[in-house]
A.B. asks: 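Questions regarding the structure given below will be posed in turn.
Each ligand, and each atom within it, is numbered from 1 in the order the structure gives.
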Amino acid sequence: MSFQITLKAGRERSVLNRHPWIFSSAIAQSSRTPPDGAVVEVLSSGGDWLARGTWSGNSQIQIRLWSWREDEPIDGEFIRQRIARALDGRTALANDPATTAYRLVFSESDGIPGLIADRYGDYIVVQLLTVGAALRAQSIVEALVDLLQPRGIYERSDADVRAKEGLEPEARLLWGEAPDGPIEILENGQRYLIDFISGHKTGAYLDQRTNRRRVAAYCRDAEVLSCFSYTGGFELQAAAAGARQLTAIDSSADALAIAAQNFERNGLVVPVEQVEGNVFSELRRFRAENRSFDVIILDPPKFVQNRSQLDRATRGYKDINLLAMQLLRPNGILATFSCSGLVSIDLFQKVVFGAAVDAKREVQILERLAQAPDHPVLLTFPEAEYLKGLICRVV
Ligand code: SAH
């Protein structure tokens, strides 16, 4: 017997509009309380069938919707078809020999709530972020093996969001073999060492791939400062594009060590100054030392995890943007990003505006950037859009 969930009157609109989340506050009653991850049938207050999803008893987002077709069961074949459809959307990347790491499946945006799958060369790294996805790990693995024949599938479900679903962090080999250390992948023709077993996220920040290339286009003959460098993502592209001198700041010595290896691997002879430290204080030190740059990249980690942190985070964004503007030479380029989903594009632009006013610099927006196209945003699910960036000319 399936589980039937009836919505409160007036709460059907978002389901009819194919938004994939149902909050607990929208639920009037359930036939029986479903076990975590179970398939549930969602009914209107009048009893009409609306959609099918999976139950997350611990989460405020109590139901994730997977299908709006009554004749479509959520089974192994469904998962296989959805993954195949996601891969169809990435054929240009699959056929590009210069890039071997990218996102294969992006959760709700690809119709599988809670499943992230990233390709790193011959390996696949998955995150199972909802209990509905976690329970279906086996079908997911079978489909990925069948469709892509990887050497191994590794799970990096150690993101904090798992806790909201009542799930423990998990990092393990799911299928095949794991590499015994970092592996090499290609991005826009540059070689990067990726340690997907112990690196950040699933190993790299794939969402910035297209932006690294865009920013590199401004780096020819430039003295470039990359803040929040991690393993040198932006710098390698900038160096390949002809940067004259690179400075990279990151608080992680391990990340900087991998970045140094990446430079060597690519035979880049550009002088690189690595600074292990806090961007907020290092930029102040640079200002006190009267240093200046032609291009400054700000790619901070997510400052905002929930609404209560929004004020503090906006002050943080303003601070680094203001400092960067003060360090830029006339006609300098500021490439500034925010990956906090709760910071809208409008708010982010306002923050950069505030920084420009305080810095007393005239600032033009040259380009607006977003997450790479292998992280698509479904029109019915705008929450999937989280990464935003501006390339500005600081006159
Ligand atoms: N630009 C990178 C990704 C940056 S991820 C790329 O393209 O791959 C964010 C990085 O910021 C992490 O490496 C983390 O170690 C670093 N970090 C976080 N807070 C920091 C701080 N206050 N000062 C310096 N580095 C910081």
Side-chain angles (χ1 to χ4, degrees), residues 99 101-103 118 120 125 159-160 182 184-188 190-196 198-216 219 224-241 243 246-263 265-266 272-286 295-305 309 312-313 315-324 327 334-340 343 369-372 374-375 386-389 391:
T99 293
Y102 50 89
R103 181 146 294 182
D118 291 338
Y120 290 103
V125 182
D160 301 341
E184 184 182 290
I185 59 99
L186 289 175
E187 178 180 294
N188 301 327
Q190 297 300 305
R191 301 150 164 241
Y192 289 78
L193 276 179
I194 302 290
D195 187 346
F196 60 70
S198 63
H200 291 184
K201 301 228 274 186
T202 63
Y205 293 86
L206 301 173
D207 50 4
Q208 287 281 30
R209 182 185 62 258
T210 42
N211 299 335
R212 291 189 193 103
R213 197 165 203 177
R214 287 302 321 144
V215 173
C219 292
V224 179
L225 169 61
S226 172
C227 302
F228 310 96
S229 146
Y230 191 46
T231 53
F234 278 93
E235 297 92 289
L236 289 190
Q237 301 295 326
L246 296 163
T247 303
I249 310 176
D250 202 282
S251 52
S252 160
D254 290 349
L256 289 174
I258 297 181
Q261 288 184 52
N262 283 339
F263 278 104
R265 260 176 191 256
N266 288 284
V272 186
E273 173 194 14
Q274 290 192 319
V275 180
E276 183 191 334
N278 184 334
V279 166
F280 290 83
S281 48
E282 293 304 321
L283 292 184
R284 286 191 163 73
R285 181 169 67 82
F286 284 0
V295 176
I296 299 183
I297 301 154
L298 298 174
D299 183 24
K302 195 168 164 182
F303 285 163
V304 195
Q305 313 291 341
Q309 299 168 337
R312 197 166 162 260
R315 282 198 296 278
Y317 285 120
K318 182 173 170 192
D319 194 30
I320 51 175
N321 279 280
L322 168 61
L323 287 160
L327 290 170
L334 173 64
T336 180
F337 296 93
S338 163
C339 62
S340 303
V343 175
L369 305 178
Q371 62 220 43
D374 45 334
H375 299 58
Y386 63 99
L387 179 63
K388 64 223 64 104
I391 299 183

A.B. asks: Nearest to atom 25 (N) of ligand 1, what protein heavy atom do you find, and at what distance?
C.D. replies: S251 N, 3.0 Å
A.B. asks: So, 4.0 Å and heavy atoms of G277: is ligand 1 close enough to count as a contact?
C.D. replies: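 Yes; G277 lies near enough to ligand 1 that a heavy-atom distance drops under 4.0 Å.
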A.B. asks: Would R212 count as a contact residue for ligand 1, given that I'm defining contact as a non-hydrogen atom of the residue lying under 4.0 Å from a ligand atom?
C.D. replies: yes
A.B. asks: Would you say N278's side chain and S251's backbone share a donor-acceptor pair under 3.5 angstrom?
C.D. replies: no
A.B. asks: Are a donor atom and an acceptor atom from the side chains of Q208 and D299 found within less than 3.5 Å of each other?
C.D. replies: yes
A.B. asks: Would you compute the distance between atom OG1 of T231 and atom CG of D195 and round it to the nearest 0.5 angstrom?
C.D. replies: 10.0 Å
A.B. asks: For Q371, is there any backbone N or O sitting under 3.5 Å from a side-chain donor or acceptor partner on D207?
C.D. replies: no
A.B. asks: Closer than 3.5 angstrom, by distance alone: can the side chain of S252 be matched with the main-chain N or O of A255 as a donor-acceptor pair?
C.D. replies: yes
A.B. asks: On a heavy-atom basis, which atom in H200 and which in Y205 lie closest, and how many Å separate them?
C.D. replies: ND1-OH, 2.8 Å
A.B. asks: So, E187 side chain and G233 main chain: donor-acceptor pair closer than 3.5 Å or not?
C.D. replies: no
A.B. asks: Which bit of S229 gets closer than 4.0 Å to ligand 1, counting heavy atoms only: side chain, backbone, both or neither?
C.D. replies: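 Near ligand 1, S229 shows its backbone, while the atoms from C-beta on stay back.
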A.B. asks: What protein heavy atom is closest to atom 4 (C) of ligand 1, reported as residue, atom name and distance in Å?
C.D. replies: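 The protein heavy atom lying closest is F228 O, 3.2 Å.
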A.B. asks: With a 4.0 Å cut-off on heavy atoms, does I249 reach ligand 1?
C.D. replies: no
A.B. asks: Using a plain distance cutoff, I'd like to know if T231 has any nitrogen or oxygen under 3.5 Å from a nitrogen or oxygen of ligand 1.
C.D. replies: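 No, since none of the N or O atoms of T231 sits under 3.5 Å from an N or O of ligand 1.
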A.B. asks: Tell me: protein heavy atom nearest atom 23 (N) of ligand 1, and distance?
C.D. replies: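 Scanning the protein heavy atoms, the shortest distance from atom 23 (N) of ligand 1 goes to V279 N, 2.9 Å.
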A.B. asks: With nothing but distance in play, are any N or O atoms of N278 less than 3.5 Å from an N or O of ligand 1?
C.D. replies: yes
A.B. asks: Salt bridge between R209 and D374, side-chain N to carboxylate O under 4.0 Å?
C.D. replies: yes
A.B. asks: Would you kindly specify which portion of H200 sits under 4.0 Å from ligand 1, judged on non-hydrogen atoms: side chain, backbone, both or neither?
C.D. replies: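 Within the 4.0 Å criterion, H200 contacts ligand 1 through side-chain atoms alone.
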A.B. asks: Yes or no: does A255 have any heavy atom under 4.0 Å from an atom of ligand 1?
C.D. replies: no
A.B. asks: Which protein non-hydrogen atom lies closest to atom 1 (N) of ligand 1, naming both residue and atom, and how far is it?
C.D. replies: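 Heavy-atom neighbour on the protein nearest atom 1 (N) of ligand 1: D299 OD2, 2.7 Å.
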A.B. asks: I'd like to check which ligand 1 atoms, numbered from 1 as shown, lie under 4.0 Å from a non-hydrogen atom of S252.
C.D. replies: 15 (O)
A.B. asks: Please write down residue, atom name and distance for the protein heavy atom closest to atom 18 (C) of ligand 1.
C.D. replies: P301 CG, 3.5 Å
A.B. asks: Kindly say whether A204 contributes a backbone atom to a donor-acceptor pair with the side chain of Y120 at under 3.5 angstrom?
C.D. replies: yes
A.B. asks: List the closest protein heavy-atom neighbour of atom 16 (C) of ligand 1: residue, atom name, distance to the nearest 0.1 Å.
C.D. replies: D250 OD2, 3.3 Å
A.B. asks: Regarding D319 and R284, does a basic nitrogen lie under 4.0 Å from an acidic carboxylate oxygen?
C.D. replies: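 Yes.
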